[in-house]
There are 2 protein chains.
Amino acid sequence: MGKGSAAQDNVIDYINVEQAVGAKHHQLDGDAAGEGKVSISQVAAHAGVSVATVSRVLNASQAVRESTRARVTASIHALGYRVNQLARSLRTDESRLLLVMVPDIGNPFYAQIVQGIDEAVQARSYALLLCETNGDPFRERRYLDLLHTRRADGAICLDPDTVQQARQAEALHFPWVACCEFDRGAGIPYAGIDNRAAAREAAAYLLDKGHCRIAFVNSDTRYMYARERLQGYMDALAAAGIEVEDEYLVRAEGLDFAAGRSAVAGLLALTDPPTAIFAVSDTLALGVMRGLHDSGLSVPGDMAVMGFDDIDLARQTCPSLTTVAQPMRDLGRHAAALLLRRLDTQKSGAEGIILPHSLVLRESA
Amino acid sequence: MGKGSAAQDNVIDYINVEQAVGAKHHQLDGDAAGEGKVSISQVAAHAGVSVATVSRVLNASQAVRESTRARVTASIHALGYRVNQLARSLRTDESRLLLVMVPDIGNPFYAQIVQGIDEAVQARSYALLLCETNGDPFRERRYLDLLHTRRADGAICLDPDTVQQARQAEALHFPWVACCEFDRGAGIPYAGIDNRAAAREAAAYLLDKGHCRIAFVNSDTRYMYARERLQGYMDALAAAGIEVEDEYLVRAEGLDFAAGRSAVAGLLALTDPPTAIFAVSDTLALGVMRGLHDSGLSVPGDMAVMGFDDIDLARQTCPSLTTVAQPMRDLGRHAAALLLRRLDTQKSGAEGIILPHSLVLRESA
DNA sequence: CTGAAAGCGCTAACAC
DNA sequence: GTGTTAGCGCTTTCAG
């Protein structure tokens with residue numbers, strides 16, 4: 001990613017900041033402000049060249065005689081000049097900022113994806129505009145407006161696909177990629193996993209272990225992943241010739257710990273309770289485990305529990321959680337790479353990428 | 001916060017986006033691009049007024065005859081005009097972007113603070129530039145550069161104060177506030193809690209419960225909070241007339257679960273092991289609990305455990321964690337308010353604000 | 001290799 | 001009330 005891209009990046013931006021700042025001390029030609037108010041024309045004057053030339057050395061573009069370059073560089077340091085990105089952006093019409101729309105930054109799953117994005121974007125010196133949407137279409141629209149108003153060059157969206165759907169029309173015209181939540185047919189690039197297959201494998205594993213009464217704790221079906229994973233669960237049951245019991249399908253309100261915890265009671269009250277519970281997310285599964293514990297049941301002795309995501313916590317609980325691992329960081333990295341590529345080439349190349357998942361067997365199932 | 005500030009905000013920016021976008025359909029006067037390429041002068045032409053007038057209605061400034069305003073507004077919608085923030089920023093010299101420098105966004109403690117900041121900043125239509133530093137001075141400097149290059153109007157820093165110290169000189173001149181980590185004497189505004197008092201109270205509670213051999217699991221002392229909390233711990237012991245045992249002072253590598261977990265072994269190997277463990281963060285405490293569990297010890301039966309922060313997880317573990325609660329969201333909100341105020345008034349008013357903490361008694365101690 | 005000059009889209013005096 | 005105009009600081013032809 002981004003081998004040939006260095007050329008696009010600015011050369012002076014981040015080098016020699018040390019000197020630039022230190023130079024303030026011997027800043028003799030005191031302009032009114034004296035603080036970071038140095039413009040390119042002052043550098044030009046100081047170096048005895050034109051602004052065009054300063055711009056050239058700034059951008060390492062075209063040929064500049066070595067001696068001239070040295071003189072300009074010296075002036076830049078002497079004056080403590082810092083490029084004004086606002087002006088540059090206006091001129092070049094690119095902000096080098098990327099929008100990241102995430103439902104909830106407090107959710108470690110999303111946090112890790114953001115870290116992946118950040119990682120991929122660092123080298124290209126893009127910065128991230130963090131937008132927490134809570135899956136709210138209104139807030140998303142509002143944020144997306146940052147794109148319209150030229151404050152960001154592109155966006156990565158982790159929001160539910162129902163929300164994304166609403167933005168369809170715009171999505172086609174704007175540099176926008178989806179991450180985790182996506183619609184293959186929507187014509188916008190995405191990075192995600194095969195949720196259906198992953199859920200199928202997880203359920204199959206439970207089936208293999210001899211469980212035939214498996215409950216499925218789902219979350220908000222506005223999320224594509226929730227629907228797909230349900231499908232996978234049903235696929236597995238069907239393949240095993242087992243009827244899907246409506247009673248075993250519970251839809252938690254939310255996808256956090258509390259939701260999982262309170263989902264347990266109903267399942268336990270059934271005349272024919274399940275022997276295993278498959279939750280669509282680790283946070284949910286953790287809540288389920290707690291709910292089980294509250295009821296005096298042991299995991300996996302009395303009830304097997306399977307999660308989804310493999311957040312750090314899954315390894316830390318007691319018993320540790322058997323779950324489906326998603327490559328969060330990679331998901332973020334790939335989404336970012338797709339966006340960057342689109343930004344570079346202008347052409348949308350609307351393919352998506354499906355990353356591998358894996359079953360992580362631990363203690364809970 | 002920000003009652004009278006609405007005037008500063010842009011009026012057209014976020015209203016009627018609906019119509020603006022919908023208007024694309026009947027966009028007859030097709031300019032080459034046709035997409036978001038409408039400038040203020042085109043609106044002016046379409047409405048038969050000057051750009052100054054358009055600018056006036058855009059900014060709700062000065063008086064504009066009602067009929068004119070209506071005509072301009074109509075043209076804005078008809079053309080699907082969106083203000084170019086880049087241009088506006090260059091002109092007004094404010095980006096309406098704020099830097100948030102956080103050591104680790106994957107840490108739920110920081111994530112919640114960021115949410116608080118976001119909340120406070122929304123109403124003023126500032127957006128957040130997320131900068132994950134890992135407490136690395138180099139990365140921080142690099143990010144801080146966004147400030148120098150005019151991409152952000154101010155910064156909120158959650159980094160260790162040793163890192164902040166290095167930026168001292170610049171901090172005085174730039175709109176910058178500290179959150180959680182701060183130095184009272186540094187002359188930069190901050191939002192935080194009284195770590196020393198909080199730790200003292202926590203240790204005192206343990207003492208009250210009859211523990212006199214209390215271990216203290218600390219993290220990186222580059223963090224002010226780590227040093228302050230150690231002080232508080234020592235204060236409490238001193239007040240109780242108990243000698244501080246060096247053996248009981250363990251410094252974990254890092255402040256995550258793994259660090260806490262591995263810190264336990266040494267404590268248990270002591271000839272005279274402690275009866276209680278006080279960790280400087282919940283994540284650490286959770287790891288400690290796990291380490292204890294690994295060794296077959298029960299909490300609080302065999303060993304009491306006390307944490308710090310009160311992240312969501314503290315309520316969710318089993319046994320639940322007794323800890324010192326920090327008002328994360330409020331911390332973020334106040335830090336943001338301080339920054340915004342500084343941005344509004346220009347004057348630094350370098351006071352800080354100390355928010356209340358509280359002891360949350362649960363099962364682990 | 002270097003300079004002059006034309007804007008990017010917007011705001012803010014300053015006129016009328 | 002409204003229009004004219006001068007830039008904000010930068011990049012980028014186009015000449016030389």
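These values consider heavy atoms only, across backbone and side chains, with no hydrogens, waters or symmetry-generated copies. Order of the sequence lines fixes the chain letters, A, B, ..., with proteins taken first and strands second; residue numbering starts at 1 for each chain. Only a predicted model underlies this, so the values are computations on that prediction, with no experimental measurement involved.
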Where protein sits on nucleotides 1-8 of chain C, one letter per nucleotide: B base, S sugar-phosphate only, - none, heavy atoms under 4.0 Å
SBBB-BBB
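- For B:D93 and C:dT11, the CG to C1' distance is 13 Å, given to the nearest whole Å.
- In terms of modelled atom types and a separation under 3.5 Å, the side chain of B:S55 and the main chain of B:V51 share no donor-acceptor contact.
- Scanning all heavy atoms of the two residues, the minimum distance from A:C179 to A:I156 falls at CB-CG2, 4.0 Å.
- The nearest pair of heavy atoms linking B:G332 to B:I117 is O-CG1, 3.4 Å.
- Distance CG (B:L79) to P (C:dG9): 14 Å, rounded to an integer number of Å.
- Atom CD in A:Q85 sits about 15 Å away from atom C1' in D:dC8, given to the nearest Å.
- Remark: P of C:dA13 and CG of B:N59 are 13 Å apart, rounded to the nearest angstrom.
- For the side-chain hydrogen bond (donor to acceptor under 3.5 Å, both in side chains) test, no residue two or more places apart in sequence or in another chain qualifies with B:T68.
- In this structure, the separation between CG on B:D136 and CE on B:M101 is 12.5 Å, given to the nearest 0.5 Å.
- In this structure, the OH atom of B:Y81 is 10 Å from the P atom of C:dG9, given to the nearest Å.
- Here the P atom of nucleotide C:dT11 and the CD atom of B:E94 are 11 Å apart, to the nearest Å.
- B:L339 approaches B:G154 most closely through the heavy-atom pair CD2-C, 4.0 Å.
- What you find for A:L98 and A:D153 is that their closest heavy atoms are CD1-CB, 4.3 Å.
- The nearest whole Å value for the distance from the CG atom in A:L58 to the C1' atom in D:dT11 is 10 Å.
- Distance alone, capped at 3.5 Å, places no donor-acceptor pair between the B:Q85 side chain and the A:T149 backbone.
- Bending across the helix from C:dC1-D:dG16 to C:dC16-D:dG1, expressed as the angle between its end axes from five pairs apiece, amounts to 40° (10° rounding).
- Remark: the backbone N or O of A:K37 is paired with a side-chain donor or acceptor of A:Q42 at under 3.5 angstrom.
- For the pair B:I40 CD1 and C:dA12 C1', the interatomic distance rounds to 12 Å; values are reported in whole Å.
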